[in-house]
Visitor: 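I'd like to ask some things about the structure below.
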Amino acid sequence: MRFSKLFGKTLREAPADAETVSHKLLTRAGFIQQVAAGIFSYLPLGWRSLDKIRRIVREEMDRAGGQEVNMPVVQPREIWEQSGRADSFIPPLAQFLDRRERPMVLAPTHEEVVTGMAKAGMFSYRDLPFILYQIQTKFRDEPRPRGGLLRVREFEMKDAYSFDADEEGMNLSYQAMADGYRRIFSRCGLNVIMVEADSGPIGGRDSAEFVLPAKSGDDVALVCEECGYAANAEKAVFRKTPNPPERQAALEKFSTPGIETIQDLAAFEGVPRSRTAKAVFYYSSGQVTLITIRGDYEVNETKLRNALGVEEVRLATPEEVRGTGLPAGSASAVGQQSVRSVVDDSIELGSNFLAGANEEGFHLRNVNFPRDFKADVLADVAEAGDGYPCFRCDGSLRARRGIEVGHVFKLGDVYSDKLGAGFLDDAGNHRSALMGCYGIGIGRLLAAAVEANHDDRGMVLPRAIAPYEVYLAGINIEDDGVRTKADELYHSLRDSGLEVLYDDRDEPPGVKFNDADLLGLPLRAVVSRRSLKSGGVEIKRRGAQSVEVVSVDCSVEAARQALETS
RNA sequence: CGGGGCGUGGCGCAGCGGUAGCGCACCUGCUUUGGGAGCAGGGGGUCGUGGGUUCGAUUCCCGCCGCCCCGACCA
């Protein structure tokens, strides 16, 4: 491709509303263009990169046994009603009426349709297992798109779905996909970590995220560097440290004027927060729940959701708290029967806690569980944090920010059951297929690759996903001798199968060098009066300090070699 | 959805009661050519939008819309 013919311009300055590195660089380099919040167009360079990523994904999905299909973005709302997600999907489905006033949705994911597709090809256990995948547009009306391509509303996703006859098969499919994912990310130049995750609104059992550590990410993973345990913040478990053992003492009410928070209470008594039992009010499906957790821990809403077996929880409003009749600043589960009580298991790791007396301005000493209050649910609902002890070994957890580039789920039969995707087993019994689903955001992967591979001059793209492999710059291109040599080299590089962006513009050297750095193609070749005088063509890898001069005749081979080792 | 910020040529910004200017980019010519060149000439903006105040609004006031950031939420 001749740069002089390439559509799109590089920008010296990034748009003021671009904040993250990848957003700035991809915009400046002319890869993408914003249309609305979280909605982007891809320009020729960006589309080529995206296509490289797609190709890698396809190869690995095929290798893992997947078969590519394509499913519609516009779907009848009806099938979402069947799966029970029409009203519960978060963010809410984008919907419209077609000309016959039939309700339609823009698909945010494709479990419903793929399950229907699978039904038509699955009658006997002999038809299983199989894996279907597609690379298709999704629309999710996110409340807050951010960071350019990092979180968008419309995006291309590779989504794969496995169908197996039994648990063992499902686990094998899941494993094959996870292995494929590792290969995909490594081929794209990303050093990702696989972390245990909560399955969220997709539903199902096990799930894992692939996270690229990056400061611009919005995902938090907790990683133990000793034993390798890794889980995201929603899921991570940790070892709770017990309080020193003590004999249980008798309840004792005392006056605490003006004390409403755990910090103040602990300070008032001169004890650490771990000696207090904190009461937190949550609201879920029509009722207020009182969570009791040790004062040094925080409630993790995902864990709470799972403990309660509900889809949504939120902090209760002051009015809702008042409705329970308990004083917010000095509440506890002690003596309460009417409010649902969830107790975090940290409460079992101590005795004689300080807690509210359920009377304005008073607290209790020596509160003990289960002597003084009951638990409707006793579970781990505490959020892990940086530095917390690993529950598996003696190490401690480190919190790392990152970008979630992929997610794999074992779904089991949650969709196949509701949508009737079953088969007859070898004994003639009807059984639901066991499913897995696996997603990779293609555009997000590009953004992540830029976040992970850049310097202060621009992108430093891995060869596998760079839009072109060689940036051939003709300096002093107005010189006929230079132009002739540069043209020749352009053709011979292309003839040898390399993808070349040939900067044949009539621009000063600085512009070309800067654009070369900005676009971040893996190799730069320069033909100029100076290079010809010193022997031929300058070859420089992006990111390398040194320049190599090779003869024009050897330059194609030199370029190939330099690319091999980059 | 809560908090904050910003909307002026393609991009970055200034102007802030008398209907617009700078840098980059763009066009023409000449010069220049190893890290975003110089000179000269030129094209392009109903100042997000609706209303109000005023003789007069890009400028002041109110509403709305859009975009960005933090949080909530989420692949």
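Quick note: numbers below take in every heavy atom, side chains included, and nothing from hydrogens, waters or symmetry partners. Quick caveat: nothing in here was measured; it's all calculated off a predicted structure. Sequence lines set the chain letters: A, B, ... in the order given, protein chains first and strands last, and positions in each chain run from 1.
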Visitor: Categorize A:V152 for me: base, sugar-phosphate, or nothing, with a 4.0 angstrom heavy-atom threshold over every strand shown.
Guide: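 Since a base atom lies under 4.0 Å of A:V152, the category is base.
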Visitor: Could you check whether the rings of A:Y181 and A:Y438 sit parallel, tilted or perpendicular, using 30° and 60° as the cut-offs?
Guide: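 Geometry flag for A:Y438 against A:Y181: perpendicular rings.
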Visitor: Quick one: look up who B:rU59 pairs with, Watson-Crick or G-U, both distances under 3.5 Å, and put none if it's unpaired.
Guide: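 Result: none.
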Visitor: Looking at every strand, decide which applies to A:S531 at a 4.0 Å heavy-atom threshold: base, sugar-phosphate, or nothing.
Guide: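 Contact class for A:S531: base.
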Visitor: Could you let me know what B:rU53 is paired to, Watson-Crick or G-U wobble, both distances under 3.5 Å, or none if it's on its own?
Guide: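 With both distances under 3.5 Å required, B:rU53 matches none.
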Visitor: Rounded to the nearest Å, what distance is computed from the CG atom of residue A:D17 to the C1' atom of nucleotide B:rC11?
Guide: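 A:D17 atom CG is separated from B:rC11 atom C1' by 11 Å.
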Visitor: For B:rC47, give its Watson-Crick or G-U wobble partner with both distances under 3.5 Å, or none.
Guide: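 Looking at the geometry, B:rC47 pairs with no nucleotide.
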Visitor: Applying a 4.0 Å non-hydrogen cut-off, can you work out what A:P15 is touching in the nucleic acid: base, sugar-phosphate, or nothing?
Guide: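 The answer is sugar-phosphate, as A:P15 gets under 4.0 Å only of primed atoms, P, OP1 or OP2.
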Visitor: For A:E404, report the nucleic acid contact type (base, sugar-phosphate, nothing); a contact means any heavy atom under 4.0 Å.
Guide: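 Since only primed, P, OP1 and OP2 atoms lie under 4.0 Å of A:E404, the category is sugar-phosphate.
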Visitor: Rounded to whole Å, please give me the gap between CG in A:D506 and P in B:rA37.
Guide: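 So the CG-P distance, A:D506 to B:rA37, works out to 13 Å.
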Visitor: Scan every strand shown for a Watson-Crick or G-U wobble partner of B:rC16, both distances under 3.5 Å, and answer none if you come up empty.
Guide: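 Paired with B:rC16, as far as the under-3.5 Å criterion goes, is no nucleotide at all.
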Visitor: Does any donor-acceptor pair link the side chain of A:R314 with the base of B:rG2 at a separation under 3.5 Å?
Guide: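 Per atom types, no contact qualifies.
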Visitor: Can you tell me how the ring of A:F185 sits relative to the ring of A:F210, calling it parallel under 30°, perpendicular over 60° and tilted otherwise?
Guide: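 Because their plane-to-plane angle lies in the 30° to 60° range, the rings of A:F185 and A:F210 count as tilted.
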Visitor: Touch check for A:P92, heavy atoms < 4.0 angstrom, all strands: base, sugar-phosphate only, or nothing?
Guide: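 Result for A:P92 = nothing.
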Visitor: Under 4.0 Å, counting only non-hydrogen atoms across every strand here, what does A:R457 touch: a base, just sugar-phosphate, or nothing?
Guide: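 Base contact.
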Visitor: Counting Watson-Crick and G-U wobble pairs only, both distances under 3.5 Å, name the nucleotide matched with B:rG29, or none.
Guide: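 The base-pairing partner of B:rG29, which may sit in any strand shown, is B:rC39.
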Visitor: Could you identify the nucleotide paired to B:rG7, looking across every strand shown and requiring Watson-Crick or G-U wobble geometry with both distances under 3.5 Å?
Guide: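 Its partner is B:rC65 (Watson-Crick or G-U wobble, both distances under 3.5 Å).
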Visitor: Heavy atoms under 4.0 Å, any strand shown: does A:A14 hit a base, just sugar-phosphate, or nothing?
Guide: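 Answer is sugar-phosphate: A:A14 comes under 4.0 Å of backbone atoms only.
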Visitor: Need one value for A:G147: base, sugar-phosphate or nothing, where a base atom within 4.0 Å counts as base even if backbone is also close, heavy atoms only.
Guide: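 The residue A:G147 makes sugar-phosphate contact but no base contact.
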Visitor: With hydrogens left out and only the distance checked, is there a donor-acceptor pair under 3.5 Å joining A:R524's side chain and the base of B:rG35?
Guide: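 Under the 3.5 Å cut-off, the side chain and the base do form a donor-acceptor pair.
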Visitor: Checking all strands, does A:E478 fall into the base, sugar-phosphate, or nothing category for heavy-atom contacts under 4.0 angstrom?
Guide: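 Answer is base: heavy atoms of A:E478 come under 4.0 Å of a base.
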Visitor: Base, sugar-phosphate, or nothing for A:D515, non-hydrogen atoms under 4.0 angstrom?
Guide: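 Base contact.
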Visitor: Expressed in angstrom and rounded to an integer, what is the separation of A:E13 atom CD from B:rC22 atom P?
Guide: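 So the two atoms are 17 Å apart, to the nearest Å.
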Visitor: For A:F513 and B:rG36, say yes or no: do the ring centres fall under 5.5 Å of each other while the ring planes differ by less than 30°?
Guide: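 Base of B:rG36: not stacked against A:F513.
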Visitor: Nearest-Å distance, CZ (A:R144) to P (B:rG66)?
Guide: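 So the two atoms are 16 Å apart, to the nearest Å.
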Visitor: Any idea how A:F3 and A:Y471 line up, ring-wise: parallel (<30°), tilted (30 to 60°), or perpendicular (>60°)?
Guide: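 Correct class here is perpendicular.
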Visitor: Find out whether A:P72 and A:V113 are in side-chain contact, i.e. whether some heavy atom of one side chain is under 4.5 Å from a heavy atom of the other.
Guide: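 A:P72 vs A:V113: side chains touch.
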